[in-house]
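Take a look at the structure below.
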2 protein chains.
Amino acid sequence: MATPTAADELSPVRERIVRAAVKLFAAKGFDGTTVQEIVTAAEVTKGALYHYYTAKEDLLYEIYRSLISIQMADLDRIIAEHADPADTVRAILVNLVETTAARVDETAVFVREMQKLDAECMTAFRAERRRYHETFRSVVEQAQATGRFSPTVSAETVVLIALGVVNQLPTWYRPDGPKSPDRLGNEIADFVLAGLGVGPSA
Amino acid sequence: MATPTAADELSPVRERIVRAAVKLFAAKGFDGTTVQEIVTAAEVTKGALYHYYTAKEDLLYEIYRSLISIQMADLDRIIAEHADPADTVRAILVNLVETTAARVDETAVFVREMQKLDAECMTAFRAERRRYHETFRSVVEQAQATGRFSPTVSAETVVLIALGVVNQLPTWYRPDGPKSPDRLGNEIADFVLAGLGVGPSA
DNA sequence: CTGGCCATACCGACTGGTCGGTATCGGGTA
DNA sequence: TACCCGATACCGACCAGTCGGTATGGCCAG
């Protein structure tokens, strides 16, 4: 266990390759990026890349897996930590904005190129996404049922709106912009909670 | 002027080509679609395509131009037609959802492949988008300044959220789903207006 | 200690096939 | 005939992936 190859740790070479791939895929798209460009940017050779990965598509898979596993773990943790639904929703949104802002390239690739995965990966990822979506929605639904949130708008629409902003975030978010991810997340949460009939902060 | 080549009218062949291109680009991406696939789907030949277009990229340009020009015209018309800001915001959102639902493929391509346009087209399109964004935002800002909308959330955030949902719409919207575009648009408008402190309908 | 052996990590020229785009010609219409 | 629309054959560039080979380092027998 001296070598950090366990679990999620990537060997330095693998990590350099994936990092380069993410940046290039985000900038030029999956099909628009050549394997040669990736290996040049990663300062490795084609042989090295194909030593670690069996196909270009594996890189996509690696990117998605790391992104989704983080988000799902965060969601479960947040729901376990908070009792009040307004707190929960706020925490979910702030966390989502923060992790997305920290991984803009990954998210951009995810949003734009998801459908390029082969059928079985697609199904798996759709299932994960669905679980995220439905977990989020049930938080809203339960709070509506117990009268904490206004029931006028459908929970489905709320979730669609909330996830919509986050997925579009890579298009407009700039790390050097005036608003920190934390503030951005809270502003979005303010708005969403206002739409659910909850006043700003408790 | 007997031939309908004027203004936005496309000759039958051109139209078939663009239609096929939109569908394929939406399904497989710009780089993932070959010119041969386009001409096969359009039931024309490569010669015909390159007779009307000088490059594959021209097809992207054509798609964007038609989408954006419609949206900009709608926006200007809607703002001219409505005096009350709540009505204006609702009308903008309903219209946006309806036109987007009617052109899911175009929007999907637009959102995903915009950056593949060359530098000058990009600049032009960014300017148009910016104008849309800022026009929308100023409607919200003015209503906040005159006390019609709650000033607690920044107008910028509201616009980002509203346009976020619409751009993501191609990912989840299904024409055969339970909700009509009109109803969807109104639900989104309900939520956005609630977030701005305006009760449902006037 | 040392020398032979093997596994893992990595190299980069090469290939089979594909793709965007072009050159050229036929055939219908005026 | 003249001209435009479209068909077909073709080209040069490029790309994902391969494959024969090298380098490094650990390990075990002598």
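Labels below follow one simple rule: chain letters A, B, ... track the order of the sequence lines, proteins then strands, and each chain is numbered from 1.
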Checklist entry - With sequence neighbours left out, which residue pairs that include part of residues 157-179 of chain B fulfil the salt bridge (Lys or Arg N to Asp or Glu O under 4.0 Å) condition? => result B/K179-B/E187

Please set out all donor-acceptor pairs under 3.5 angstrom arising from side-chain atoms of residues 91-100 of chain A, sequence neighbours excluded.
from: A/N95; atom 1: ND2; to: A/D74; atom 2: OD2; distance (Å): 3.1
from: A/T99; atom 1: OG1; to: A/N95; atom 2: O; distance (Å): 3.2
from: A/T99; atom 1: OG1; to: A/L96; atom 2: O; distance (Å): 3.3
from: A/T100; atom 1: OG1; to: A/L96; atom 2: O; distance (Å): 2.6

Filtered N/O pairs between nucleotides 26-30 of chain C and protein, under 3.5 Å:
none

Item to check | Test side chain to side chain donor-acceptor pair (under 3.5 Å) applied to A/E113 - qualifying residues, sequence neighbours left out | outcome: A/K116

Which atom pairs, one a donor and one an acceptor, fall under 3.5 Å between side chains of residues 117-124 of chain B and the rest of the protein, sequence neighbours left out?
from: B/T123; atom 1: OG1; to: B/A119; atom 2: O; distance (Å): 2.7

Checklist outcome for this item: Rounded to whole Å, the CG-C1' distance (A/L49 to D/dT18) equals 13 Å

Next on the checklist: With a 4.0 Å cutoff (strictly under), does any side-chain N or O of B/H51 reach OP1 or OP2 of D/dG6?
Outcome noted: no

Show the atom names and distances, to 0.1 Å, of all donor-acceptor pairs under 3.5 Å that link a side chain in residues 22-29 of chain B to residues at least two apart or in another chain.
from: B/K28; atom 1: NZ; to: B/E37; atom 2: OE1; distance (Å): 3.4
from: B/K28; atom 1: NZ; to: B/E37; atom 2: OE2; distance (Å): 2.5

Next on the checklist: Please enumerate all residues that pass side chain to side chain contact (heavy atoms under 4.5 Å, CB included) together with B/A143, with sequence neighbours excluded.
Outcome noted: B/P85, B/R148, B/F149

Checklist entry - B/S150: what forms a side chain to side chain donor-acceptor pair (under 3.5 Å) with it, not counting sequence neighbours? => result B/T152

Next on the checklist: In whole Å, I'd like the distance from the CD atom of A/E43 to the C1' atom of C/dA9.
Outcome noted: 18 Å

Checklist entry - Atom OH of B/Y52 to atom P of D/dC4: distance rounded to whole Å? => result 12 Å

Item to check | Contact letters for nucleotides 14-24 of chain C, in which S counts primed atoms plus P, OP1 and OP2 and B counts the base, heavy atoms under 4.0 Å | outcome: -----SBBB--

Checklist entry - Cation over ring, B/R65 on B/F125, under 6.0 Å and within 45°? => result no

